[in-house]
Number of protein chains: 2
Amino acid sequence: MQEHEKIFENFLKIKDLKLTKPRKIILNTVFATHEHFSVDELYDQIRKKHKDVSRATIYRTIPLLVESDLIKQSLRCLAKDHYEHTYGHDRHFHLICEKCGKIIEVESKKAENILNKLAKIHNFDIKEYNVGAKGICKNCRKKI
Amino acid sequence: MQEHEKIFENFLKIKDLKLTKPRKIILNTVFATHEHFSVDELYDQIRKKHKDVSRATIYRTIPLLVESDLIKQSLRCLAKDHYEHTYGHDRHFHLICEKCGKIIEVESKKAENILNKLAKIHNFDIKEYNVGAKGICKNCRKKI
DNA sequence: AACTAATTGCAAATAATTCTCAATCGCATT
DNA sequence: AATGCGATTGAGAATTATTTGCAATTAGTT
């Protein structure tokens, strides 16, 4: 069993919830790639292999994955909610191109440290960052 | 006429659009306070004084205000879209309390500089930032 | 005042998400 | 392996936020 499955199972057990087949499928699909995904994209991805997982179950499972710290909401600049699995990955920021939709991920301990300091000044306990920027990427700027 | 009205009128003229009564009411309500607002909140606020502005018109006017750089979308951590007027205000980040909903605004040239540098490395041209964090504020942490 | 294109409010349409509920499943205990 | 019971599921209805089509109205120009 993979690490993320163990973590999820454990999380569920503590809450007296069960690691069911649909939940397993959803979890493993999420961890099969490192793409960001909307609920619809995840649904389509799952449906390729499994005809028996409903949208409702995906909507019900995502909050559990978020609560267990396996995934986080991200790309909040976009219209629909998007998520990504974050377990095992460093915190990163997103640069989202308005023209082509490309997403550039950048890491920065420095930026993170500053944000943490700002929070500390206000005595604020940060649970989740939400950092992103919309703009135009290198390639698309060339085309103008 | 106030500065923001002039800017908006000018913006509209260039696009061959008209500064109508409903648009004026929406603009001035937005600039009457420095609160963040959802469409619904704005609608309620407007309705207190003007019974003749519809939701549809608000939905149609907001993109114009965004395009003319008078307001920006903000607080993307929340379920509904929120906006704030930004004309005449420095860029700032938000700390949003998950318990009580309180919003703390913090400014930081330092954080801004770092994000700009990161963008530069990737040759990315940032149009709009979207920086914030969810967590627990000072008061709510006391209560636990 | 007349003209013309932009704008409006309304109500219907769409889109995303949540809810309801009867049928089923997972797991602990026989 | 059968039983019992609460958790879970899928399907579709319901809800919420937003967008759209359209006939009537309005702003700004001639």
Side-chain angles (χ1 to χ4, degrees), chain A residues 1 5-6 8-29 36-68 71 73-83, chain B residues 1 5-6 8-30 36-47 49-68 71 73-83:
Chain A
M1 201 195 269
E5 260 192 43
K6 274 187 217 154
F8 196 42
E9 192 176 30
N10 215 44
F11 166 83
L12 293 171
K13 197 168 280 173
I14 290 167
K15 301 201 108 190
D16 265 315
L17 302 176
K18 294 162 188 172
L19 182 52
T20 60
K21 224 179 287 181
R23 283 178 182 158
K24 237 184 257 185
I25 292 170
I26 293 167
L27 173 68
N28 285 319
T29 307
H36 307 83
F37 58 91
S38 65
V39 170
D40 247 40
E41 288 158 357
L42 180 57
Y43 179 75
D44 289 346
Q45 191 64 29
I46 286 172
R47 277 285 163 144
K48 285 182 193 166
K49 298 199 172 180
H50 308 274
K51 296 296 171 213
D52 49 351
V53 177
S54 72
R55 268 202 179 70
T57 300
I58 297 178
Y59 275 108
R60 285 184 283 229
T61 302
I62 284 180
L64 297 174
L65 292 171
V66 170
E67 205 186 334
S68 60
I71 73 174
Q73 205 174 338
S74 76
L75 307 188
R76 305 232 195 197
C77 280
L78 303 176
K80 288 191 207 172
D81 288 352
H82 279 71
Y83 302 85
Chain B
M1 202 194 271
E5 262 193 42
K6 275 187 216 155
F8 196 41
E9 193 176 30
N10 216 44
F11 166 83
L12 292 172
K13 197 168 280 173
I14 289 169
K15 303 202 108 192
D16 268 317
L17 302 176
K18 296 162 185 172
L19 182 52
T20 59
K21 223 178 287 177
R23 283 179 182 159
K24 236 184 258 184
I25 291 170
I26 293 166
L27 173 69
N28 285 319
T29 307
V30 166
H36 308 82
F37 59 92
S38 66
V39 170
D40 247 41
E41 288 159 357
L42 180 56
Y43 178 76
D44 288 346
Q45 192 63 30
I46 287 172
R47 278 286 164 141
K49 296 199 172 178
H50 307 274
K51 295 295 168 214
D52 48 353
V53 177
S54 73
R55 266 201 182 73
T57 299
I58 296 178
Y59 275 109
R60 286 184 282 229
T61 302
I62 283 179
L64 298 173
L65 293 171
V66 171
E67 204 187 334
S68 60
I71 74 173
Q73 206 176 337
S74 75
L75 307 189
R76 306 232 196 194
C77 281
L78 303 177
K80 287 192 208 175
D81 289 350
H82 279 71
Y83 303 86

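So that the names make sense, note that chain A is the first sequence line, chain B the second, and so on, each numbered from 1.
Between the P atom of C:dC27 and the NZ atom of A:K13 lies a distance of 9 Å, rounded to the nearest Å. Put simply, OH on A:Y43 is 14 Å from P on C:dT17, counting in whole angstrom units. As a whole-Å value, the separation of B:L42 CG from D:dA17 P is 15 Å. As a whole-Å value, the separation of A:R55 CZ from C:dT18 C1' is 14 Å. Spacing between atom NE2 of B:H82 and atom C1' of D:dT18 amounts to 15 Å, rounded to whole angstrom units. With rounding to whole Å, B:L17 atom CG is found 19 Å from D:dT26 atom P. The NZ atom of A:K24 sits 13 Å away from the C1' atom of C:dC27 (whole-angstrom rounding). Atom-to-atom, CG of B:L12 to P of C:dT8 comes out at 10 Å; the value is rounded to the nearest Å.
Residue A:V39 has its side chain nearest to C:dT17 when only C:dT8, D:dT9, C:dT17 are considered. Residue B:K18 has its side chain nearest to C:dA5 when only D:dT18, C:dA5, C:dC10 are considered. Which of C:dC19, C:dT8, C:dA11 sits closest to the side chain of B:A56 comes down to C:dA11. Between C:dA16, C:dC27, C:dC10, one nucleotide has an atom nearer to the side chain of A:Y59 than all others, and that is C:dA16.
Taking CD1 of B:I25 as the start and CD of B:Q45 as the end, the distance is 13.0 Å to the nearest 0.5 Å. To the nearest 0.5 Å, the span separating CZ on B:F37 from CD1 on B:I46 amounts to 8.5 Å. A:E9 CD to A:R23 CZ: the interatomic distance, rounded to the nearest 0.5 Å, is 12.0 Å. Atom CG of B:D44 sits about 9.5 Å away from atom CZ of B:R47, to the nearest 0.5 Å. To the nearest 0.5 Å, atoms CD1 (B:I62) and CD1 (B:I26) are separated by 7.5 Å.
With DNA chain C read from its 5' end, the first of the two nearest nucleotides for B:D16 and B:K51 is the one closest to B:D16. Of the two residues contacting DNA chain D, namely B:D40 and B:T20, the nearest-nucleotide position lying further toward the 5' end is that of B:D40.
Using a 4.0 Å heavy-atom distance criterion, A:D52 is classed as a sugar-phosphate-only contact. Across all strands, B:R60 comes closer than 4.0 Å to base atoms (heavy-atom distances).
Distances shown here put a side-chain N or O of A:R23 below 4.0 Å from the OP1 or OP2 atom of D:dT9. Contact between the side-chain N/O atoms of B:S38 and the OP1/OP2 oxygens of D:dA17 is not found at any separation under 4.0 Å.
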